[in-house]
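Notes follow the structure.
Note on naming: letters A, B, ... go to the chains in the order of the sequence lines (proteins, then strands), and numbering restarts at 1 for each one.
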Amino acid sequence: MKKKNYYEAVYELTRKIPFGRISTYGAIADYLALGSARMVGWALNKSFTGKDVPAHRVVNRKGELSGRHHFPHPDLMQKLLENEGVKIENHVVQDFDNLVWKPADEL
DNA sequence: CACTTGACAACAA
DNA sequence: CTTGTTGCCAAGT
């Protein structure tokens, strides 16, 4: 399999995020080494619709739901995460340090 | 082709 | 909390 565009790599990686876990732009960008965290956010922006990408599991380095504004409804992201057992407080993931998932985690 | 913007990171002040 | 800086790359204007 050849490597697709960087955004498809982001999509796949985002899909690999286990249930009840989250990831960060930095972790994804660092693992893919495709460019930078901005690329991840930009890719997710286009991916959250039309693709089965659980973009709600991707947060910024602070564990903040930075991307909630791009969802159909801003509070949807938080609701989805809470539905997976992830506690959110003030748009920030609780136990973020413990829930953050990295691609290398399964290696 | 140049400039700006973007779901960012990371640090400094 | 805000503001600034540097890096990174693509898309939009």
Checklist entry - Residues two or more places apart in sequence or in another chain: which of them pass side-chain hydrogen bond (donor to acceptor under 3.5 Å, both in side chains) with A/Glu64? => result A/Asn60
Next on the checklist: Do A/Leu44 and A/Leu76 sit in one hydrophobic cluster, given that two such residues count as connected whenever their side-chain heavy atoms are within less than 4.5 Å of each other, even indirectly?
Outcome noted: no
Checklist entry - side-chain hydrogen bond (donor to acceptor under 3.5 Å, both in side chains): which pairs involve residues 71-88 of chain A, sequence neighbours left out? => result A/His56-A/Glu84, A/Arg57-A/Glu84
Checklist entry - Taking any atom under 4.0 angstrom from a heavy atom of chain A, which nucleotides of DNA chain C are the first and last to qualify, 5' to 3'? => result C/dG7 to C/dG12
Next on the checklist: Treating A/Ser23 as the side-chain partner and A/Lys102 as the backbone partner, does any N or O pair qualify as donor plus acceptor under 3.5 Å?
Outcome noted: no
Next on the checklist: What I want to find out is whether A/Asp105 reaches A/Arg21 closely enough, with some N-O distance under 4.0 Å, to be called a salt bridge.
Outcome noted: yes
Checklist entry - According to a 4.5 Å side-chain heavy-atom criterion applied to Ile, Leu, Val, Met, Phe, Trp and Tyr, with indirect links allowed, do A/Tyr31 and A/Val53 form part of one hydrophobic cluster? => result yes
Next on the checklist: Using a 4.0 Å heavy-atom cut-off, does A/Ala55 contact any base of the nucleic acid, only the sugar-phosphate backbone, or nothing at all?
Outcome noted: base
Item to check | Interatomic distance where CG belongs to A/Leu81 and C1' belongs to B/dA7 [whole Å] | outcome: 13 Å
Review item, nucleotides 9-13 of chain B N/O atoms under 3.5 Å of protein N/O:
from: B/dA9; atom 1: OP1; to: A/Arg61; atom 2: N; distance (Å): 2.4
from: B/dA9; atom 1: OP2; to: A/Arg61; atom 2: N; distance (Å): 3.3

Item to check | salt bridge (Lys or Arg N to Asp or Glu O under 4.0 Å) involving A/Arg68 - partner list, sequence neighbours excluded | outcome: none
Next on the checklist: In whole Å, measure the gap between the P atoms of C/dG7 and B/dC1 for me.
Outcome noted: 23 Å
Checklist outcome for this item: With both pairing distances under 3.5 angstrom for Watson-Crick or G-U wobble, and | for a partner in another strand, the correct string for DNA chain B is .|||||.||||||
Item to check | Heavy-atom pair with the smallest gap, counting every atom of A/Ala37 and A/Tyr25 | outcome: CB-CB, 3.9 Å
Checklist entry - Any side-chain N or O of A/Asn45 under 4.0 Å from OP1/OP2 of B/dA7? => result yes
Checklist entry - Looking at A/Met77 and A/Phe71, what are the two nearest heavy atoms and their distance? => result SD-CE1, 3.7 Å
Item to check | Interatomic distance, A/Met77 CE vs B/dA7 C1' [rounded to whole Å] | outcome: 8 Å
Next on the checklist: Measuring from atom OH of A/Tyr7 to atom CE of A/Met39, what distance do you get when rounded to the nearest 0.5 angstrom?
Outcome noted: 12.5 Å
Checklist entry - Do you reckon A/Leu80 sits in the same ILVMFWY cluster as A/Ile17, going by side-chain contacts under 4.5 Å, direct or chained? => result no
